[in-house]
Structure formats: structure tokens, C-alpha cells
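Accompanying notes for the structure given below.
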Amino acid sequence: ASRRLRRAMVGLIDLDIRQGDLERLRVGDYNAYDDHLHWTQHKTGKAQALPVTKRVRRHIVEAKRQGRDFIYDTTNVVKEFREARHAAEVRRVLTLRAIRKTAWNAINRKTRDAGKASQVAGHASTRTGIEHYEIPTNEGLRSAVNHIARMFAVSGRR
């Protein structure tokens, strides 16, 4: 996978936000005082704030140094993602949304609170995550995390 794609995947996994919101994140959305990213969700129009991980903070600093407005360059990310998936010989269809589902499940399993996982994912209700995102077995979650880690050389945060 290209460096740009790996960075975008780290952003999707670490922040657990929609790809459309990731594309819109600007360097100015980062507040160094509370170490959070503040933005408005495109789909719902709700104001969101998430703590920043070390890796995402490095991306913000790098974008600032390079004079870019946006933190992530997501040009052709979907095409590159499909090519990387094909090159990794992933048999099952792994989508960008599946990565988000995996992050939701990891948060849900770690906290044992679907409400908290849904809040981080920006869902309007807890029911959305339970009905559309929940992977019923640990094995389903483990295989998805392993595919992501192998494809993008990202260690799982579990």
C-alpha cells in the first residue's frame, strides 16, 4: 500500500470516523490545548470532538509543516484500497466500512458499552451500531483486524 493510503487507514482506524469526514478534516480542526480534533459531521451535522492519538498528531504536524489545509490526502484512496486488497489476496470483500465496523466492535468489546462505541462512531442511536455493526463472534473481529494489520502494516490497538 502507498504511504498516503497507509496514513488514511491509520486515520480511519484511530479516529473511527466516516471516510467523508476524514477527507474534510483540516489542520485547523486540531485544538492543541485539549488535544482533540473538533469538526462537524457531514452526514448528521453534529459537532464532534475526539482525542488525538500519537500517530494522528504526527499526521497533523506533518500536514502543517507541508502547508496543507487538509490533514489527509485521500485522492484515489478507494482505488488504492481495492488494489491493495487484491494484492494481499483477501478473499472476502473487505471494505472501508468494514474497518469502521471493526473499530466499533473493538470499542464495544473493550468497554462492554455499545452506547459508548456508538457515541465514538457518531451514531444517532446505540441501536444503529448494534443492528448494523456488531460482529457476533470474537473470531469475526480477529480475522478482520488481522487482515487490516497485514495489509497496511498497522498494529492492532486492542
Side-chain angles (χ1 to χ4, degrees), residues 1-108 117-124 128-129 132-135 140-141 143-158:
S2 71
R3 185 170 187 267
R4 178 180 52 198
L5 179 60
R6 286 194 309 266
R7 283 172 41 105
M9 291 302 107
V10 166
L12 283 172
I13 294 166
D14 280 7
L15 295 171
D16 188 30
I17 63 174
R18 292 178 183 89
Q19 182 188 352
D21 289 333
L22 186 78
E23 292 170 357
R24 291 175 182 83
L25 287 179
R26 295 179 175 270
V27 174
D29 293 339
Y30 175 64
N31 184 338
Y33 295 108
D34 66 357
D35 202 30
H36 280 62
L37 273 171
H38 299 269
W39 80 98
T40 303
Q41 247 182 4
H42 180 69
K43 187 175 179 180
T44 63
K46 290 183 179 180
Q48 295 289 327
L50 281 176
V52 175
T53 64
K54 289 179 186 178
R55 293 182 292 195
V56 173
R57 194 176 306 109
R58 281 195 308 261
H59 296 167
I60 294 168
V61 169
E62 186 178 322
K64 197 174 198 176
R65 279 190 195 140
Q66 294 174 356
R68 291 185 284 140
D69 288 336
F70 294 97
I71 298 170
Y72 294 99
D73 177 12
T74 56
T75 309
N76 295 329
V77 164
V78 175
K79 181 182 176 190
E80 286 183 31
F81 177 79
R82 288 179 183 148
E83 289 170 356
R85 185 181 64 202
H86 181 71
E89 297 178 0
V90 176
R91 285 184 235 147
R92 296 180 66 196
V93 178
L94 180 65
T95 63
L96 293 171
R97 186 169 185 221
I99 292 171
R100 193 155 182 257
K101 285 183 178 187
T102 302
W104 184 92
N105 275 279
I107 294 166
N108 185 31
S118 294
Q119 182 181 10
V120 171
H123 296 145
T128 303
H132 300 290
Y133 278 35
E134 189 163 28
I135 298 172
L141 178 63
S143 64
V145 169
N146 289 341
H147 280 309
I148 293 165
R150 279 195 308 270
M151 284 176 60
F152 303 107
V154 175
S155 62
R157 303 179 305 146
R158 310 297 168 236

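Once rounded to the nearest 0.5 Å, the distance linking CG of L5 with CD of E83 reads 9.5 Å. Taken to the nearest 0.5 Å, the NE2 atom of H36 stands 9.0 Å off from the CG atom of N31. Rounding to the nearest 0.5 Å places CZ of R26 at 14.0 Å from CD1 of I60. We find the OG1-NZ distance between T40 and K46 to be 12.5 Å, quoted to the nearest 0.5 Å.
The closest side-chain heavy-atom distance from D29 to R24 is not below 4.5 Å. Put simply, the side chain of Y30 does not reach to within 4.5 Å of the side chain of L25, judged on heavy atoms.
In plain terms, the two heavy atoms of V77 and M9 that are nearest each other are CG1-CE, 4.1 Å. Shortest non-hydrogen contact noted between A8 and L22 is O-CD2, 3.6 Å.
Sequence neighbours left out, the pairs with a member in residues 61-72 that pass salt bridge (Lys or Arg N to Asp or Glu O under 4.0 Å) are R3-E62, R7-E62. Sorted by first then second residue, the ring pair (Phe, Tyr, Trp, His ring centres under 6.0 Å) pairs that include residues 54-77, not counting sequence neighbours, are H59-Y72.
When the side-chain hydrogen bond (donor to acceptor under 3.5 Å, both in side chains) test is applied to H38, the partners found at least two apart in sequence or on another chain are D34. The side-chain contact (heavy atoms from CB on, under 4.5 Å) search around R82 returns V78, R85, not counting sequence neighbours.
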Chi angles and distances behind the side-chain contact (heavy atoms from CB on, under 4.5 Å) call for D35, R57: CA-CA 9 Å; D35 202 30; R57 194 176 306 109; 2.6 Å; yes
L37 and I71: CA distance, side-chain angles, deciding distance, side-chain contact (heavy atoms from CB on, under 4.5 Å) verdict: CA-CA 11 Å; L37 273 171; I71 298 170; 3.9 Å; yes
